[in-house]
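Structure record follows, encoded as structure tokens.
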Amino acid sequence: MLERLKTDILILGSGGAGLFAALHAHKANPQLAITVATKGLVGKCGCTRMVQGGYNVALNPGDSVERHFMDTIEGGKWLPNQALAWTLVEKAVERVHELENEIGCFFDRNPDGTLHGKAFAGQTFDRTVHKGDLTGIEIINRLMEQVWARPIRRLEEHRAVALVPAKDGKSLAGVLMVDIRSGLFRFVEAKAVLLGTGGGPTMYRYHTPSGDKSMDGLAMALRAGLPLRDMEMVQFHPTGLLAGPDTRMTGTVLEEGLRGAGGQLLDGAQRRFMADYDPKLERATRDVVSRAIYAEMRAGRTTPNGGVYIKMGHLGPEKVAKQFKGMVERCADCGFDLAGGLVEVVPTAHYFMGGLVCNVDTSTELPGLYVAGEDAGGVHGANRLGGNGVANSTVFGAIAGDTMPEWIGRNPGHRAPDEDVLAAELERAQHPFARKGGDLNRLRETLLDSMWDDVGVIRDKAGLQRGLVKLDAIEAELLATGVADGERAFNLTWHDWLNLRSLIKVSKVIAGAALKRENSRGAHFRADFPGEGDLATSQFTIARQRGAKLEISDAPVEFTIIKPGETLLKDAAE
Ligand SMILES: Cc1cc2nc3c(=O)[nH]c(=O)nc-3n(C[C@H](O)[C@H](O)[C@H](O)COP(=O)(O)OP(=O)(O)OC[C@H]3O[C@@H](n4cnc5c(N)ncnc54)[C@H](O)[C@@H]3O)c2cc1C
């Protein structure tokens, strides 16, 4: 049942974080055995591939890393770890040069040869570098080719299920994985492991991330007793396509540029409503527009499928069709006329700002474990700027790739695993086979609705407490529900079960952290505590599992570079 493998570096996930880490680790020390293990296929899974808008980087005249930093800190409502945020904006410049000059990406250019930067909400400079609206495909395809060209081992369709500590419990020994194709278990012993499984808030009724993401990384980190921060911070994108319950297109993003170009939001009776919420109307930030739409939905002023409309036709259907070709075609596939008619939209869970606590060099509290990308916490605070997501995964993936070989140099040798933990984790992963099959689909639907209704865009104490009660009941029912088919090879019902287990575990942490934060910051809005609180004494939440108890505490944000009210820009007025 259990095969054992050894590698020097094990990378979990093949998104921007995982692939950059693999390339940098190989460059740092080509003698090291590097393995990329991923739930999907390298180059075809995760969210980096789905990046439409682009990559934030301060390159062009008039911009600066200081300006990018200030936008990131102010966008994150003063909650980001400033050392991480500074590293993000500073190293993004290097990474974009590497992407173009070493990895082989082509990004769109201005007539003078400089890289073209798009306007993205919440930023004071047009710095979002892109390849049309298919930036992620360009980045991930080129990264994939570079990984293929090197002796980097790939374990595709392998799911990590547990971080297994060394015998003395003081470091990580390796990772227990399921080979999805054969159903066999593999224990991969590694000197250093990167967690790059990409978060992904897919526990909400409407969501955008890829289907292979189910918060497995954070669920594993939690079980290993590691601290997670900012877990209440779920970013909702205001305009997810609402195409009815029977298509997976529902929830997918209709890009922000539509509102930027002058798109209008109308309620079910076709009344434009954003003036009731913000003077910037549809161009208000993502969190404000999402809350406005959600409030309209709660008030019952909805479209046939329960959302609101976006209207573009007044800008000229031909112009819209030309400017937003991909979006117009996607809507047409679902029977909607975006260029000339009305399209139903709904806020959709898009990105997870919370994650594993880490240092600037991507190390964590557990020696041997590193984290990068959407699994890492602290870079974005209460809000992620559009374009800072892929910058985050590539910047910190590369840093992890540089750091792990160095650490292995100082800490050579594999560490024998705690066999008791390994045996317990093997049993845990097979839990559903010992039980009678049940209706996992109904359980998933209940989870999606509970998170959407009680732990979603607008929260309050009563709703969060109700949500926690529901989550306990869903978890209890999952643990009593089995998988009818005992076959292990490609048993997707088993993997659905495992996905649900991770999602429920992390959902409870989100609800707990949201209950703990009694103010409203960025993506987190409490109707019973609508004020943002004192910025100068900002706290961030920390969640940690101790035995059966989930502890949620908070800690003060350290303003190591800049304090609220200050700016790094020489001429703030400018
Ligand atoms: C539709 C969409 C559009 C976006 N547009 C932008 C944009 O324009 N600009 C921007 O900056 N950001 C954007 N983002 C966010 C951005 O895509 C992510 O922040 C970033 O790509 C995450 O990179 P990552 O490497 O951490 O994770 P991912 O790229 O998501 O990769 C995660 C990897 O982990 C694997 N994995 C998951 N669970 C397991 C497991 N248990 N075992 C093994 N492997 C596992 C997955 O299969 C995958 O390979 C967008 C996201 C979406 C969904």
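For clarity, every value in this text was computed on a predicted model and none was experimentally measured. For the numbers below, each heavy atom of this structure counts, side chains included, while hydrogens, waters and symmetry mates do not.
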Item to complete: Go through the structure and list residues passing salt bridge (Lys or Arg N to Asp or Glu O under 4.0 Å) with Arg248, not counting sequence neighbours.
Response: none
Worksheet item: Can you check whether Ser393's main-chain N or O pairs, donor with acceptor, with Glu374's side chain at less than 3.5 Å?
Response: no
Worksheet item: Within the side chain of Asn81, is there an N or O that forms a donor-acceptor pair under 3.5 Å with the backbone of Leu84?
Response: yes
Worksheet item: Taking only residues two or more places apart in sequence or in another chain, which ones pass side-chain contact (heavy atoms from CB on, under 4.5 Å) with Glu329?
Response: Lys325
Worksheet item: Can you tell me if Thr403 uses its side chain to pair, donor with acceptor, with the backbone of Ile399 under 3.5 Å?
Response: yes
Discussion item. Looking at Lys131, is its backbone amide N or carbonyl O close enough to the side chain of Glu138 to form a donor-acceptor pair, meaning the two atoms are under 3.5 Å apart?
Written reply: no
Worksheet entry | Lys39 and His158, any side-chain heavy atoms less than 4.5 Å apart | no
Worksheet item: Hey, would you say the Tyr206 and Phe236 ring centroids sit under 6.0 Å apart?
Response: no
Item to complete: Step by step, work out the salt bridge (charged side-chain N to carboxylate O under 4.0 Å, His left out) result for Arg109 and Glu100.
Response: CA-CA 12 Å; Arg109 292 186 174 271; Glu100 279 222 309; 2.5 Å; yes
Worksheet item: Any sub-3.5 Å donor-acceptor pair from Asp108's side-chain atoms to Gly132's backbone N or O?
Response: yes
Fill in: Val42 backbone acceptor or donor facing Glu156 side chain under 3.5 Å
yes
Worksheet item: With a 4.5 Å heavy-atom cut-off, do Met231 and Met353 have their side chains touching?
Response: no
Discussion item. Using every non-hydrogen atom in the two residues, find where Thr208 and His350 come nearest and quote the distance to one decimal.
Written reply: OG1-ND1, 2.7 Å
Worksheet item: Counting distance only, does the side-chain N/O of Gln123 pair as donor-acceptor with the main-chain N or O of Gly386 below 3.5 Å?
Response: yes
Fill in: Qualifying residues under side chain to side chain donor-acceptor pair (under 3.5 Å), relative to Glu145, sequence neighbours excluded
Arg142
Worksheet item: Can you name the residues that form a ring-ring contact (aromatic ring centres under 6.0 Å, His included) with His130, not counting sequence neighbours?
Response: His116
Fill in: Residues forming a side chain to side chain donor-acceptor pair (under 3.5 Å) with Asn60, sequence neighbours excluded
none
Practice prompt. Compute the centroid of each ring, for Tyr294 and then for Trp452, and state whether the two points are separated by less than 6.0 Å.
Written response: yes
Discussion item. Strictly distance-based, threshold 3.5 Å: is any side-chain N or O of Thr128 a donor or acceptor partner for the main-chain N or O of Gly54?
Written reply: no
Practice prompt. For Glu102, enumerate each residue passing the salt bridge (Lys or Arg N to Asp or Glu O under 4.0 Å) test, keeping only those at least two apart in sequence or located in another chain.
Written response: Lys27
Worksheet item: Are Leu88 and Glu90 close enough that some pair of their side-chain heavy atoms sits under 4.5 Å apart?
Response: no
Practice prompt. For residues His380 and Tyr351, establish whether the separation of their ring centroids is below 6.0 Å.
Written response: yes
Practice prompt. Before accepting this row, confirm whether a basic side-chain N of the pair Arg291/Asp287 lies closer than 4.0 Å to the acidic partner's carboxylate O.
Written response: yes
Practice prompt. Look at the rings of Phe20 and His24 and say which category their plane angle falls in: under 30° parallel, 30 to 60° tilted, over 60° perpendicular.
Written response: tilted
